[in-house]
Amino acid sequence: MNKTRRILTLKENHLFMRSYRKGRCFSGRYVALYVLRNYEKNQTKLGITVSKSRGNAVKRNRVKRVIREAYRVFHPFIKEGFIIVIVAKQPCVDAPVSVVTSELEALLEKAALL
RNA sequence: CGACCGUUUCGAACAAUCGCGCGGUAUCAUAGCGAAAGCUCAUACCGUGAGGAAAGUCCGAGCUCCACAGAGCAGGAUAACAGAUAACAUCUGCCGAAGGCGACUUUAGGGCCAGUGCAACAGAAAGAUACCGCCUGCUUUUGCAGGUAAGGAUGGAAAGGCGAGGUAAGAGCUCACCGGUGUGUCGGAGACGGCACAGCCAUGUAAACCCUAUCCGGAGCAACACCGCGGCGGGGGCAUAUGCUUGCUCGGCAGCCCCUAUGGAGGUGGCAAAGAGGUCUGCGGCGACGCAGAUCCAAGAUAGAUGAUUGUUCACGACAGAACUCGGCUUACAGGAACGCGUCGCAUU
RNA sequence: AGGGAUGUAGCCAAGCGGUUAAGGCACCAGACUUUGACUCUGGCACCUCGCUGGUUCGAUUCCAGCCAUCCCUG
């Protein structure tokens with residue numbers, strides 16, 4: 001495993017749907033985590049979901065950046081072969097990065113991905 | 001000094017580290033494709049990276065494809081006048097109207113003398129009329145017949161308004177002023193305005209149907225063009241080895257290879273540095289704008305790139321994210337800045 | 001990108017430019033009953049009829065611009 005590797009993003013809608021239905025769910029105050037084992041390839045993919053009801057385009061973009069920044073810290077240590085979907089909750093809109101980072105760390109440990 | 005008016009303009013700044021999209025250069029040790037060159041991926045460095053509204057998608061265009069002899073109807077849009085513009089429902093100027101002490105602002109502003117419809121309630125009566133009243137005549141009175149829109153009452157609207165003359169009482173019946181209509185004349189590019197004369201037979205509503213004039217083919221970058229593993233087809237060849245079709249034979253269907261049409265997933269172009277482009281100067285124009293010269297310009301994603309941490313400063317940060325591209329309009333918005341022989345008020349000289 | 005619909009009382013809703021804006025459910029008070037349900041009678045302040053302007057004598061209704069929700073096409 002190299003020291004830095006690219007973050008692969010989840011693009012297919014049916015994989016999102018399968019994660020919501022079949023994946024294990026870990027919920028916090030700011031984000032919710034859906035984890036599914038990737039059987040097809042030994043890769044870890046990340047999907048970020050922000051609902052339209054969370055705010056306008058600027059707010060949604062900002063939430064995505066905050067979550068991506070929080071995830072970036074843990075990415076080199078994540079185990080291979082999982083599909084991870086992070087869903088932003090309403091308090092996440094005004095949350096600073098440090099808070100989201102600490103919560104995401106707790107959830108990832110709970111999911112045994114680290 | 002205070003309160004405004006108009007026209008522009010800015011929309012946090014800087015540094016360091018980590019991270020992201022795109023472009024360029026370099027490296028190919030590793031991974032994939034390839035005979036190779038090389039390409040992809042990756043890494044390093046350099047450059048660059050959201051708005052005044054990017055928004056709403058309300059108008060107008062470019063661009064692309066489809067349709068198209070010509071004419072008319074239907075439907076839609078616009079509506080004083082003159083211009084600007086590629087075009088417009090935009091903009092400029094100007095006229096009329098409305099508002100403001102004023103600088104100035106606002107204005108869907110054609111036609112109810114083509115026709116049709118509607119005007120609740122109130123009121124005597126709503127486009128045709130006399131309830132009360134006034135006057136005249138008849139009648140002993142009650143009342144009857146006629147004249148009359150000055151007054152009352154109703155209403156958003158009641159015989160153009162108001163004053164004087166006039167009259168039986170009244171009435172544009174007559175006159176002055178105002179309003180409105182028509183004709184003439186003068187000014188103006190025109191809408192329109194000034195003046196003179198005639199004359200007052202008739203409400204409001206076309207953001208009611210409608211009439212008049214002008215304009216309008218349809219769809220949209222998920223357009224459209226190209227490539228295209230597989231699949232479903234067409235043609236040709238090979239092989240009769242294998243499978244199915246009844247145990248066998250023939251025949252048929254599968255099979256393998258080549259060519260070819262279509263085009264689902266996906267990809268590339270469209271589409272990224274350059275156009276109806278910005279800034280400055282000069283000239284023309286009241287102005288929108290036009291002409292000439294100089295100069296400036298690098299976002300281009302495709303589940304969608306701008307963030308985090310630390311430090312410094314201030315006005316302590318609002319509304320808000322490009323998605324083919326322009327010109328407008330509308331809406332949202334913390335707080336600033338500049339200009340004006342702009343306005344009003346107060347004080348002083 | 002292109003198109004459509006809706007917004008009226010807590011909920012479901014009707015409404016021809018002229019009303020104090022129908023109804024139904026719910027809610028409140030009273031009657032009936034020993035009590036409750038059913039039934040009957042009355043009430044319901046609320047709604048600037050999503051918001052802001054305009055047309056009109058008069059707007060929930062007509063026109064324009066916004067806001068919110070929902071739906072359709074590719």
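For the numbers below, each heavy atom of this structure counts, side chains included, while hydrogens, waters and symmetry mates do not. By convention in this document, chain letters (A, B, ...) are assigned in the order of the sequence lines, proteins followed by strands, and residues within each chain are numbered from 1. A quick note: this is a predicted structure, and the numbers were derived from the prediction, not measured.
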Exercise. Is any side-chain heavy atom of A:K45 closer than 4.5 Å to a side-chain heavy atom of A:I84?
Worked result: no
For this session: Could you check if the base of B:C253 is syn or anti? Syn means the glycosidic torsion is within 90 degrees of 0.
Result: anti
Problem set entry | Strand partner of B:A196, provided both Watson-Crick or wobble distances fall under 3.5 Å | B:U183
For this session: Starting at atom CZ of A:R60, determine the distance to atom C1' of B:G307, rounded to an integer number of angstrom.
Result: 18 Å
Problem set entry | Watson-Crick or G-U counterpart of B:A157, or none if no pair lies under 3.5 Å | none
Exercise. Taking the chi torsion of B:G52, is it syn (within 90° of 0) or anti (everything else)?
Worked result: syn
Exercise. How many Å lie between CZ on A:R68 and C1' on B:C18, as a whole number?
Worked result: 16 Å
Exercise. How far, in whole Å, is B:A82 from B:C346 if one measures between their P atoms?
Worked result: 47 Å
For this session: Enter syn or anti for the glycosidic conformation of B:G172, syn applying to angles within 90° of 0.
Result: syn
Exercise. Roughly how far apart, to the nearest Å, are C:C57 and C:C11 at atom P?
Worked result: 38 Å
Problem set entry | B:A69 and B:C226, which share atom name C1', separated by this distance in whole Å | 35 Å
Exercise. B:G152 and B:A124: how far apart are their C1' atoms, nearest whole angstrom?
Worked result: 13 Å
For this session: Sort out the partner of C:U20 for me: Watson-Crick or G-U wobble, both distances under 3.5 Å, none otherwise.
Result: none
Side-chain donor-acceptor pairs of residues 19-36 of chain A under 3.5 Å, sequence neighbours excluded:
unit_1: A:S19; atom_1: OG; unit_2: A:L15; atom_2: O; d: 2.8
unit_1: A:Y20; atom_1: OH; unit_2: A:T49; atom_2: OG1; d: 3.1
unit_1: A:S27; atom_1: OG; unit_2: A:K89; atom_2: NZ; d: 2.6

For this session: Identify the nucleotide, in any strand shown, that forms a Watson-Crick or G-U wobble pair with B:U309, with both distances under 3.5 Å; if there is none, say none.
Result: B:A16
Exercise. Can you tell me how far P in B:U181 sits from the matching atom in B:A53, rounded to whole Å?
Worked result: 45 Å
Exercise. So, do A:I48 and A:V63 sit near enough that their side-chain heavy atoms are less than 4.5 Å apart?
Worked result: no
Exercise. Which one is paired to B:U214, where only Watson-Crick or G-U wobble pairs with both distances under 3.5 angstrom count?
Worked result: B:A77
Problem set entry | Between CG on residue A:L108 and OH on residue A:Y71, distance to nearest 0.5 Å | 7.5 Å
Seminar exercise, completed: Partner of B:A189 under the Watson-Crick or G-U wobble criteria, both distances under 3.5 Å, comes out as none
Exercise. Between A:N61 and A:K64, is there a donor-acceptor pair closer than 3.5 Å when you use the side chain of the first and the backbone of the second?
Worked result: no
Exercise. Which one, B:G321, B:G307, B:A305, comes nearest to the side chain of A:N56?
Worked result: B:G321
Seminar exercise, completed: Atom CZ of A:F16 and atom C1' of B:G304 are separated, to the nearest Å, by 13 Å
Problem set entry | A:F16 vs A:I83 side-chain heavy atoms within contact, under 4.5 Å | no
Problem set entry | Gap between atoms NZ and C1', on A:K59 and B:A332 respectively (whole Å) | 13 Å
Exercise. Which value, in whole Å, describes the distance between the P atoms of nucleotides B:G278 and B:G52?
Worked result: 13 Å
Problem set entry | Approximate separation, where rounding is to 0.5 Å, of A:I67 CD1 and A:R72 CZ | 14.5 Å
For this session: Using the P atoms only, state how far C:C63 lies from B:A206, rounded to an integer number of Å.
Result: 14 Å
For this session: Whole angstrom is fine here: how far is it from CG in A:D94 over to P in B:A318?
Result: 12 Å
Problem set entry | Rounded distance in Å between the P positions of B:A273 and B:U325 | 14 Å
Exercise. Which base sits across from B:U330 as a Watson-Crick or G-U pair, both distances under 3.5 Å?
Worked result: B:A55
Seminar exercise, completed: Comparing A:A57 with A:E69, nearest RNA chain B nucleotide closer to 5' gives the residue A:E69
For this session: Using a heavy-atom cut-off of under 4.0 Å over every strand shown, decide if A:R62 touches base, sugar-phosphate, or nothing.
Result: sugar-phosphate
For this session: Taking syn as within 90° of 0 and anti otherwise, name the glycosidic form of B:A50.
Result: syn
For this session: Answer with base, sugar-phosphate or nothing: what part of the nucleic acid does A:N61 contact at a heavy-atom distance below 4.0 Å?
Result: base
For this session: Could you check how far CZ of A:R72 sits from C1' of B:U17, rounded to whole Å?
Result: 11 Å
For this session: Return the nucleotide paired to B:U343: Watson-Crick means purine N1 to pyrimidine N3 with N6-O4 or O6-N4, wobble means G-U with N1-O2 and O6-N3, both under 3.5 Å.
Result: B:A3
Exercise. Between B:G304, B:A308, B:G307, which nucleotide has the shortest distance from any of its atoms to the side chain of A:V97?
Worked result: B:A308
For this session: Could you work out which one of B:A50, B:A320, B:A308 sits closest to the side chain of A:R65?
Result: B:A50
Seminar exercise, completed: Rounded to whole Å, CG of A:L104 lies from P of B:A308 at a distance of 16 Å
Problem set entry | Side chain of A:K64 - closest among B:A305, B:C18, B:G321 | B:A305
For this session: Identify whether any heavy atom of A:V58 sits under 4.0 Å from a base atom; if not, whether one sits that close to sugar-phosphate; answer base, sugar-phosphate or nothing.
Result: base
